[in-house]
A.B. asks: 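Take this structure, written in C-alpha cells, and hold onto it; I'll ask about it next.
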Amino acid sequence: MILMSPPCQPFTRIGLQGDVSDPRAKSFLYILDILPRLKKLPSYILLENVKGFESSVARENLIKTLQTCGYHYQEFLLSPTCIGIPNSRLRYFLIAKLQKEQFAFQVTNQILEGFPACDTMSSFESPCSVTVKSLGGNIETDVNQQNAISHPQCNPIPHSDGTFLYKLETAEELERKQSQNNDSSTQMLEEFLEKNEEKDMSQFFLPPKSLLRYALILDIVQTTSRRSTCFTKGYGHYVEGTGSVLQTATDIEISSAYESLETLNDEEKLAKLSTLKLRYFTPKEIANLHGFPLQFGFPEKITTKQQYRLLGNSLNVHIVAKLITVLLQSR
C-alpha cells in the first residue's frame, strides 16, 4: 500500500498554483513516473491533498497513470463534519486498488462528497450529506478571509427579521453557522476541550491588540457550538483566516459585546470585548478534533507555535481510517 500526502503548496487556492511546474511537485511526479515500471505494483493507494488538487494537471497525470497501471479508483472531497466532528477541514482524497479486486461499492467518475454506504460497512456509515457548496466558506486556508470581505460596513448590519449582525458577517453566513450549530448529528465542541482545570490557560487568551484589531472578523464559537473553521499552520500567531476562537464566558451574549462597538473608544471597546473571554484552542484540543489518540503529546522542547504549525499541516485521523477501511473492503 502507498499512503501519500504530497506537498500541497502547488495546489492550494491562495498560493501561486504552480501545479506541476512547482519544484515541490517533483516528488509526486517521480512516483507517477516509476509506478508503471515497478515489477510488482502496490495493491492499494491512498492520496490526500488540499481542495483544488482535483482541478490540477497533477491530478490528470495521476488518473492517467492509475488507468495505465490497471487500478480502480474513487475520488472524494471530505470534511470531518461528515462524520460528526465539529471542525471544517475539506480535503481531496483518492483511493485506488488493482482491478483484480473490486470495491465494496459502485465506483463513479464523480467526486464523492460523503462516504459510500457499503453493505459491509454498517459500523462505519456516517450521518453525512455533505455538499461542496455548503462547505464553501470552510475550505483550506481562506476560511475566515471570506468573513473579512463579506460586507464593507463596520456598523451593525440590519437583518431581514429586524435583528442586527454585529460583525463583518453577511446574513447568509450567519444562517449557515446557525444551521451547523443546529445539526444534532454533529458533536459539540465541549467534547474535545481540555478538562484539566489546573492547566494555565492564560497564554491562550487573545491579547488586547488582537481583540481591537480583529474584533470584526473573528470566528467566535462556544463550547456548545457544533462547528469550527479550519485550523491552519498560522493559528495562534496570526488571527485572520487561521481558525475559530473560543468564547469561554458562558453568561455573555456575543451581540452584547459588539453592540454599538463602533461608537466607543479603544479602551471602552476592549472592556466590552474582554467580557467574552476569548481564547485560542490549545494544541491538544486541535489534536483531539483531528482524531489523535488521547495519549498523544508533543515533546517538551516543541514550542506552542511549532505545535500549531504541525497541527495546521496535519489531517483528520478518523477520515483517513474510514477511507482505509473502505479501500480494504471488497465485494
Side-chain angles (χ1 to χ4, degrees), residues 1-13 15-80 82-83 89-121 124 140 290-293 310 313-331:
M1 181 184 291
I2 295 180
L3 305 172
M4 52 181 159
S5 183
C8 67
Q9 294 91 338
F11 317 108
T12 183
R13 293 168 305 139
L16 298 176
Q17 296 182 322
D19 207 330
V20 293
S21 63
D22 190 312
R24 290 168 290 193
K26 285 184 177 180
S27 58
F28 174 64
L29 297 176
Y30 175 71
I31 294 291
L32 299 187
D33 177 60
I34 66 170
L35 194 63
R37 297 188 278 119
L38 294 177
K39 290 184 178 179
K40 183 178 180 181
L41 290 167
S43 299
Y44 307 100
I45 294 173
L46 186 150
L47 177 140
E48 179 268 353
N49 215 284
V50 294
K51 161 74 176 171
F53 181 86
E54 74 281 3
S55 57
S56 67
V57 174
R59 178 262 178 190
E60 292 179 10
N61 293 347
L62 168 64
I63 297 303
K64 289 177 183 177
T65 301
L66 293 176
Q67 292 171 337
T68 299
C69 294
Y71 283 92
H72 294 293
Y73 66 90
Q74 180 61 60
E75 298 172 281
F76 299 85
L77 281 171
L78 299 171
S79 174
C82 179
I83 53 174
R89 195 175 186 83
L90 191 64
R91 293 292 185 268
Y92 170 91
F93 295 93
L94 177 141
I95 56 175
K97 62 170 63 178
L98 289 175
Q99 289 187 2
K100 63 183 179 181
E101 186 179 355
Q102 296 288 326
F103 278 107
F105 63 95
Q106 183 62 48
V107 297
T108 171
N109 59 4
Q110 302 296 311
I111 298 178
L112 298 182
E113 297 160 359
F115 284 95
C118 307
D119 293 337
T120 57
M121 194 181 169
F124 293 94
E140 206 0 59
H290 282 352
F292 285 29
L310 291 165
N313 281 328
S314 189
L315 70 174
N316 191 280
V317 175
H318 292 305
I319 293 287
V320 175
K322 287 180 181 292
L323 282 172
I324 292 176
T325 299
V326 173
L327 178 58
L328 296 179
Q329 289 173 336
S330 59
R331 291 180 183 176

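Counting begins at 1 with the first residue of the sequence.
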A.B. asks: Write down the atom of Arg89, the atom of Leu315, and the distance for their closest heavy-atom approach.
C.D. replies: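 Residues Arg89 and Leu315, closest heavy atoms: NE-CA, 4.2 Å.
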A.B. asks: Restricting to side chain to side chain donor-acceptor pair (under 3.5 Å), what partner residues turn up for Glu54, sequence neighbours left out?
C.D. replies: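 With sequence neighbours excluded, Glu54 shows a side chain to side chain donor-acceptor pair (under 3.5 Å) to Lys51, given in chain and number order.
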A.B. asks: Is the shortest side-chain heavy-atom distance between Gln102 and Ser330 below 4.5 Å?
C.D. replies: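 No, too far: nothing below the 4.5 Å cut-off.
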A.B. asks: Which is it for Leu94 and Ile63 under the side-chain contact (heavy atoms from CB on, under 4.5 Å) test, yes or no, and what are the steps along the way?
C.D. replies: CA-CA 10 Å; Leu94 177 141; Ile63 297 303; 3.8 Å; yes
A.B. asks: With rounding to the nearest 0.5 Å, note down the distance linking SG in Cys82 to CD in Glu113.
C.D. replies: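 One gets 10.0 Å once the value is rounded to the nearest 0.5 Å.
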A.B. asks: List in chain and number order the residues that pass ring pair (Phe, Tyr, Trp, His ring centres under 6.0 Å) with Phe76, two or more places apart in sequence or in another chain; answer none if no residue qualifies.
C.D. replies: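 Phe76: no ring pair (Phe, Tyr, Trp, His ring centres under 6.0 Å) contacts found.
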A.B. asks: Is there a side-chain contact between Leu46 and Met4, using heavy atoms and a 4.5 Å cut-off?
C.D. replies: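 No, side chains not in contact.
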A.B. asks: In sequence, state the C-alpha distance, the side-chain angles, and the governing distance for Phe28 and Asn61, and then conclude on side-chain contact (heavy atoms from CB on, under 4.5 Å).
C.D. replies: CA-CA 10 Å; Phe28 174 64; Asn61 293 347; 5.9 Å; no
A.B. asks: Of all residues at least two apart in sequence or in a different chain, which pass the side chain to side chain donor-acceptor pair (under 3.5 Å) check with Tyr71?
C.D. replies: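 Side chain to side chain donor-acceptor pair (under 3.5 Å) check on Tyr71 returns nothing, list empty.
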A.B. asks: In chain order, what residues pass the ring pair (Phe, Tyr, Trp, His ring centres under 6.0 Å) check against Tyr44, with sequence neighbours excluded?
C.D. replies: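 Here no residue qualifies.
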A.B. asks: Taking the inter-plane angle between the rings of Tyr92 and Phe53 on a 0 to 90° scale, is it parallel (under 30°), tilted (30 to 60°) or perpendicular (over 60°)?
C.D. replies: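 Tyr92 and Phe53: tilted rings.
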A.B. asks: Can you see which heavy atom on Asn316 is nearest to which on Gly291, and at what distance?
C.D. replies: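 Asn316 and Gly291 have their closest heavy atoms at ND2-N, 4.4 Å.
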A.B. asks: Measuring only between side-chain heavy atoms, which start at C-beta, is Ile83 closer than 4.5 Å to Leu78?
C.D. replies: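 In short, these two side chains do not touch, never coming nearer than 4.5 Å.
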A.B. asks: Can you list everything that forms a side chain to side chain donor-acceptor pair (under 3.5 Å) with Thr65? Sequence neighbours excluded, please.
C.D. replies: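 Partners of Thr65 by the side chain to side chain donor-acceptor pair (under 3.5 Å) criterion come out as none, since no residue qualifies.
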A.B. asks: Using side-chain contact (heavy atoms from CB on, under 4.5 Å), reason through Phe93 and Asn49 one step at a time and then give a plain yes or no.
C.D. replies: CA-CA 7 Å; Phe93 295 93; Asn49 215 284; over 6 Å; no
A.B. asks: Write down the atom of Gln74, the atom of Val107, and the distance for their closest heavy-atom approach.
C.D. replies: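 Closest approach of Gln74 to Val107, heavy atoms only: OE1-CA, 3.4 Å.
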A.B. asks: Quick one: CD1 on Ile45 to NE2 on His72, what's the gap to the nearest 0.5 Å?
C.D. replies: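 So the CD1 of Ile45 and the NE2 of His72 are separated by 13.0 Å.
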A.B. asks: Taking side chain to side chain contact (heavy atoms under 4.5 Å, CB included) as the definition, give me every residue that meets it alongside Val317, ordered by chain and number, with sequence neighbours left out.
C.D. replies: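 In terms of side chain to side chain contact (heavy atoms under 4.5 Å, CB included), with neighbours along the sequence ignored, Val317 is linked to Phe292.
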A.B. asks: For Ala96 and Leu327, work out which heavy atoms get closest and say how close.
C.D. replies: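 Reported closest heavy-atom pair: O-CD1, 3.3 Å.
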A.B. asks: Tell me which donor-acceptor pairs under 3.5 Å the side chains of residues 29-39 have, and how far apart each pair is, sequence neighbours excluded?
C.D. replies:
{"from": "Asp33", "atom 1": "OD2", "to": "Arg37", "atom 2": "NH2", "distance (Å)": "2.7"}
{"from": "Arg37", "atom 1": "NE", "to": "Asp33", "atom 2": "O", "distance (Å)": "3.3"}

A.B. asks: Kindly indicate whether the side chain of Arg91, heavy atoms from C-beta on, has any atom under 4.5 Å from the side chain of Ile319.
C.D. replies: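 Arg91 does not reach Ile319 side chain to side chain.
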A.B. asks: What is the distance from atom CG of Leu66 to atom NZ of Lys64, rounded to the nearest 0.5 Å?
C.D. replies: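 These two atoms lie 12.5 Å from each other.
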A.B. asks: Can you list the residues that meet the side chain to side chain donor-acceptor pair (under 3.5 Å) rule with Gln106, with sequence neighbours excluded?
C.D. replies: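 In terms of side chain to side chain donor-acceptor pair (under 3.5 Å), with neighbours along the sequence ignored, Gln106 is linked to Arg331.
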A.B. asks: Any donor and acceptor pair, going by atom type alone, linking the side chain of Glu75 with main-chain N or O of Ile95 inside 3.5 Å?
C.D. replies: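 The answer is no, because no donor-acceptor pair under 3.5 Å joins these two groups.
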A.B. asks: Would a distance-only check, ignoring hydrogens and angles, find a side-chain to backbone donor-acceptor pair under 3.5 Å from Ser314 to Leu310?
C.D. replies: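 Checked: no pair found.
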A.B. asks: Indicate the atoms forming the closest heavy-atom contact of Leu98 with Cys69, along with that distance.
C.D. replies: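 Nearest pair, atom of Leu98 first, then Cys69: CD2-O, 4.0 Å.
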A.B. asks: What residues form a salt bridge (Lys or Arg N to Asp or Glu O under 4.0 Å) with Glu101, not counting sequence neighbours?
C.D. replies: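 Glu101 satisfies salt bridge (Lys or Arg N to Asp or Glu O under 4.0 Å) with Lys97 only.
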A.B. asks: Given side-chain contact (heavy atoms from CB on, under 4.5 Å), test Phe115 with Leu323 step by step and report yes or no.
C.D. replies: CA-CA 8 Å; Phe115 284 95; Leu323 282 172; 3.8 Å; yes
A.B. asks: Any side-chain heavy atom of Gln329 within less than 4.5 Å of one from Thr325?
C.D. replies: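 Counting from C-beta outward, Gln329 and Thr325 do come under 4.5 Å.
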A.B. asks: Report yes or no: does Ser56 contribute a side-chain atom to a donor-acceptor pair with the main-chain N or O of Arg59 at less than 3.5 Å?
C.D. replies: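 Side chain of Ser56 to backbone of Arg59: a pair is present.
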A.B. asks: Can you tell me if Ser5 and Glu48 form a side-chain donor-acceptor pair at under 3.5 Å?
C.D. replies: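 Yes.
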